[in-house]
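Reading through the structure tokens given below for one structure.
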Amino acid sequence: RDLSPAFRALEGFETFLRKYPEDSQVPEARKRVQQIQETLGEKELYIANFYRRQGYSKAEGGRLKKAAETFPDTTAAKNATNKAGKPAAG
């Protein structure tokens, strides 16, 4: 599915947090940023798993690396790091 709306929402929340760091809505905005990052990170893991099933280990590794580096404070990043250190099943 197209995650463009999630990327736009993430950008909007990050802009809000930069412009209004003292606003009362900052905690909610941070919570939303975390949720969006989790969703985007999970999508990278989904794609990495697809590549693994197809036997494209280099592409899988690229997606795992992207998840870990782009969304470092997420469960997806932790899972990507764990998977990257394991040999492919097969």
Side-chain angles (χ1 to χ4, degrees):
R1 77 183 160 161
D2 179 17
L3 293 178
S4 296
F7 281 106
R8 285 193 300 273
L10 181 60
E11 185 178 316
F13 282 116
E14 288 174 340
T15 298
F16 171 81
L17 290 168
R18 277 192 307 277
K19 284 186 171 184
Y20 308 104
E22 303 300 320
D23 192 277
S24 64
Q25 295 299 310
V26 164
E28 181 64 24
R30 285 190 181 131
K31 179 180 169 187
R32 298 296 174 123
V33 164
Q34 184 66 28
Q35 290 171 338
I36 294 166
Q37 288 177 337
E38 288 287 350
T39 298
L40 295 172
E42 287 298 324
K43 177 69 174 205
E44 291 300 323
L45 290 181
Y46 177 84
I47 295 168
N49 285 331
F50 169 80
Y51 285 134
R52 181 185 43 78
R53 289 190 307 273
Q54 299 302 312
Y56 298 121
S57 60
K58 187 173 182 180
E60 175 194 12
R63 288 296 183 152
L64 293 173
K65 182 178 178 184
K66 182 178 178 184
E69 290 178 356
T70 306
F71 309 108
D73 298 323
T74 64
T75 303
K78 291 177 188 75
N79 291 337
T81 301
N82 289 337
K83 288 182 180 196
K86 294 181 182 174

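Because the structure is predicted, anything quoted here is derived from the model rather than measured.
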(Q) Surrounding CZ of Phe16 (heavy atoms of other residues, nucleotides or ligands, distance under 6.0 Å), is the total greater than 12? (A) yes
(Q) Heavy-atom count check: over 12 atoms from other residues, nucleotides or ligands less than 6.0 Å from Lys43 NZ? (A) yes
Between atom [atom1] of [X] and atom [atom2] of [Y], what is the distance when rounded to the nearest 0.5 Å?
| X | Y | atom1 | atom2 | answer |
| --- | --- | --- | --- | --- |
| Gln25 | Glu28 | CD | CD | 7.0 Å |
| Phe13 | Ile36 | CZ | CD1 | 5.0 Å |
| Thr39 | Phe7 | OG1 | CZ | 10.5 Å |

Q: Treating Ile, Leu, Val, Met, Phe, Trp and Tyr as nodes and any side-chain heavy-atom pair under 4.5 angstrom as an edge, say whether Leu10 and Leu17 lie in one connected cluster.
A: yes
Q) Can Leu64 be reached from Phe50 by stepping across I, L, V, M, F, W or Y side chains whose heavy atoms are under 4.5 Å apart? A) no
Q. Which residue, Arg30, Gln34, Gln35, forms the side chain to side chain contact (heavy atoms under 4.5 Å, CB included) with Arg32?
A. Gln35
Q: Go through the steps for Glu38 and Phe71 under the test side-chain contact (heavy atoms from CB on, under 4.5 Å), then give the verdict.
A: CA-CA 8 Å; Glu38 288 287 350; Phe71 309 108; over 6 Å; no
Q) Is there a donor-acceptor contact under 3.5 Å from the side chain of Glu44 to the main chain of Lys65? A) no
Q. Under the 3.5 angstrom rule, does the side chain of Thr70 hit a backbone N or O of Ala67 as a donor-acceptor pair?
A. no
If you take all heavy atoms of [X] and [Y], which pair is closest and at what distance?
| X | Y | result |
| --- | --- | --- |
| Ala48 | Arg63 | CB-CB, 3.7 Å |
| Gly41 | Ala76 | C-CB, 3.4 Å |
| Pro21 | Val26 | O-CG2, 3.5 Å |
| Ser24 | Pro27 | O-CD, 3.4 Å |

**Q.** Pair listing, side chain to side chain donor-acceptor pair (under 3.5 Å) test, anchored in residues 3-20, at least two apart
**A.** Asp2-Ser4, Thr15-Arg18
Q: Apply the test side-chain contact (heavy atoms from CB on, under 4.5 Å) to residues Lys83 and Asn49: give CA-CA distance (whole Å), side-chain angles for both, the deciding distance (0.1 Å), then the verdict.
A: CA-CA 10 Å; Lys83 288 182 180 196; Asn49 285 331; 3.1 Å; yes
Q | Side-chain heavy atoms of Glu42 within contact of Leu45, under 4.5 Å | A | yes
Q) Under 4.5 Å between any side-chain heavy atoms of Thr74 and Lys78, yes or no? A) no
